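Encoded as structure tokens, the structure appears first; notes follow it.
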Amino acid sequence: MPSDSVLRLVWIYPDLLSTYGDQGNVLVLEQRAQRRGIPVETYYLRSADPVPEGGDIYLIGGGEDRPQILAAERLRRDGGLNRAVARGAALLAVCAGYQIMGTTFGGEEGQPVDGVGLIDISSGRGAGRAVGELAGEADPALGIPTLTGFENHMGVTQLGPGVRPLATTRVGTGNGNGTEGCHVGKVVGTYLHGPALARNPALADLLLTWAIGSQLPPLDDGWFERLRQERLAAVLPH
């Protein structure tokens, strides 16, 4: 994204996938960009619309089984998101949206459903529902602090070669194997709600950095960091 350009955000299928305040991820990116003087345009993409390929950051949220299946079918048919990511766009995919990005995920009866094949992961149904706080140490390669959020899902997710976990879990279930989410290239997948970027502003700034192509000036987040540390202290084992 050239320095004099507008940052283009694309919120995918809010009419199908937008639970637990996931739209807040869009609002956080807007606000943190604008506080730095970066102009922003946000496109709310309905499920009947073609995916625009000129976005800088794409976001997709969580949802129920049937809307998840419909979203996967439409994204596969359209192909625009895959082309945008191949071009270099960033992507944040949450919960059901995270599972969709892989090769397969569990349908309404646990049957395998084709994902969009954008990243090498596969998801299925676990033995029970994971509900509650989730916290984990982010992959050191990302250079961001401990991640926190709220999870509510029945999924377990396996990562293929070349796909790294977003974090190692300290509290909660995440992928179901001691890890949470994934990242590869400029794609981040996660089970974190909260919304994720409101509770983890460093992750929001990482996405912005990827989109803009340069380091961002810091923001004064001291008050929020104190609140975040209090929340972590309440959640993490002593």
Side-chain angles (χ1 to χ4, degrees), residues 1 6-33 40-107 113-121 123 149 152-153 155 157 163 166 181-198 200 203-204 206-208 210-211:
M1 176 187 139
V6 172
L7 178 72
R8 294 154 300 199
L9 306 179
V10 181
W11 178 226
I12 300 171
Y13 298 171
D15 53 332
L16 293 178
L17 300 174
S18 183
T19 57
Y20 305 115
D22 291 330
Q23 182 182 345
N25 292 321
V26 180
L27 303 179
V28 170
L29 289 176
E30 288 175 339
Q31 190 248 14
R32 295 187 73 80
V40 180
E41 290 180 356
T42 302
Y43 182 48
Y44 286 78
L45 178 72
R46 307 287 292 182
S47 57
D49 298 333
V51 178
E53 297 179 31
D56 297 303
I57 304 177
Y58 293 77
L59 303 100
I60 186 168
E64 302 301 323
D65 292 340
R66 187 57 189 158
Q68 181 187 27
I69 293 170
L70 289 173
E73 290 173 350
R74 293 178 186 188
L75 287 172
R76 282 200 315 273
R77 207 162 49 235
D78 181 275
L81 178 60
N82 294 55
R83 291 190 292 271
V85 171
R87 176 185 54 77
L91 168 66
L92 174 68
V94 176
C95 202
Y98 167 38
Q99 295 179 352
I100 284 173
M101 296 305 126
T103 55
T104 59
F105 61 91
V113 176
D114 289 338
V116 302
L118 199 152
I119 52 177
D120 185 12
I121 65 170
S123 301
N152 186 351
H153 63 93
T157 299
V163 182
L166 178 63
C182 76
H183 70 99
V184 57
K186 296 180 182 179
V187 175
V188 172
T190 181
Y191 281 110
L192 294 174
H193 298 286
L197 299 187
N200 302 283
L203 180 57
L206 181 62
L207 291 165
L208 290 171
W210 288 345

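All values below were derived from every heavy atom in this structure, side-chain atoms included, with hydrogens, water molecules and symmetry-related copies excluded. Being a predicted model, the structure only gives us computed values, none of them experimental.
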Practice problem: Check whether any side-chain heavy atom of Thr190 lies under 4.5 Å from a side-chain heavy atom of Leu92, and answer yes or no. | Solution: yes
Exercise. Let me see the working for Leu45 and Val51 under side chain to side chain contact (heavy atoms under 4.5 Å, CB included), right down to the final yes or no.
Key: CA-CA 7 Å; Leu45 178 72; Val51 178; 3.7 Å; yes
Quiz item: Is Phe105 close to Ile69 at the side-chain level, that is, under 4.5 Å between some pair of heavy atoms?
Solution: yes
Quiz item: Can you name the one residue among Arg76, Met101, Glu53 that meets side chain to side chain contact (heavy atoms under 4.5 Å, CB included) with Leu81?
Solution: Met101
Quiz prompt | Gap separating the CG atom of Asp114 from the CD1 atom of Ile100, nearest 0.5 angstrom | solution = 12.0 Å
Quiz item: Which heavy atom of Cys95 sits nearest a heavy atom of Gly62, and at what distance?
Solution: CB-CA, 4.1 Å
Quiz prompt | Within-4.5 Å side-chain heavy-atom neighbours: Thr19 and Asn152 | solution = no
Self-check item: Stepwise side chain to side chain contact (heavy atoms under 4.5 Å, CB included) check, Trp11 with Ser18
Solution: CA-CA 10 Å; Trp11 178 226; Ser18 183; 3.5 Å; yes
Quiz prompt | Under 3.5 Å: donor-acceptor pair, side chain of Asp78, backbone of Pro50 | solution = no
Self-check item: Within-4.5 Å side-chain heavy-atom neighbours: Tyr191 and Gln99
Solution: yes
Self-check item: Passing option when Ile60 is tested against Leu75, Val94, Asp22 for side chain to side chain contact (heavy atoms under 4.5 Å, CB included)
Solution: Leu75
Self-check item: Under 3.5 Å side-chain donor-acceptor pair for Tyr13 and Gln68
Solution: no
Quiz prompt | Residues that Thr42 engages under side-chain contact (heavy atoms from CB on, under 4.5 Å), provided they are two or more places apart | solution = Leu9, Val26, Glu30, Val40, Tyr44
Quiz item: So do the side chains of Ile119 and Cys182 get within less than 4.5 Å of each other, counting heavy atoms only?
Solution: yes
Quiz item: Are any non-hydrogen side-chain atoms of Pro14 and Gln23 less than 4.5 angstrom apart?
Solution: no
Exercise. Report yes if some heavy atom in the side chain of Val10 is under 4.5 Å from a heavy atom in the side chain of Pro52; otherwise report no.
Key: yes
Practice problem: Kindly give the heavy-atom pair with the smallest separation between Ala211 and Ile57, and that separation in Å. | Solution: CB-CG1, 3.6 Å
Practice problem: Might you point out which heavy atoms bring Asp65 and Gly107 nearest each other, and give the distance in Å? | Solution: OD2-O, 4.3 Å
Quiz prompt | Criterion side chain to side chain contact (heavy atoms under 4.5 Å, CB included) on Leu192 and Leu203, from CA distance to verdict | solution = CA-CA 12 Å; Leu192 294 174; Leu203 180 57; 5.6 Å; no
Quiz item: Between the main-chain N or O of Val113 and the side-chain N or O of Thr104, is there a donor-acceptor pair closer than 3.5 Å?
Solution: no
Self-check item: Pairwise distance CG(Leu59) to CG(Leu91) - rounded to 0.5 angstrom
Solution: 7.5 Å
Quiz item: Can you find a pair of side-chain heavy atoms, one from Leu208 and one from Leu29, that are under 4.5 Å apart?
Solution: yes
Exercise. State, to 0.1 Å, how close Gly189 and Tyr98 come at their nearest heavy-atom pair, and which atoms those are.
Key: CA-CD1, 3.4 Å
Quiz item: Any sub-3.5 Å donor-acceptor pair from Asn82's side-chain atoms to Val116's backbone N or O?
Solution: yes
Practice problem: Please report the shortest heavy-atom distance between Gly63 and Leu17, naming the atom on each side. | Solution: CA-CD2, 3.7 Å
Quiz item: Nearest heavy-atom pair of Gly24 and Pro195: which atoms, and what distance?
Solution: CA-CG, 3.8 Å
Quiz item: Between the main-chain N or O of Gly55 and the side-chain N or O of Arg87, is there a donor-acceptor pair closer than 3.5 Å?
Solution: yes
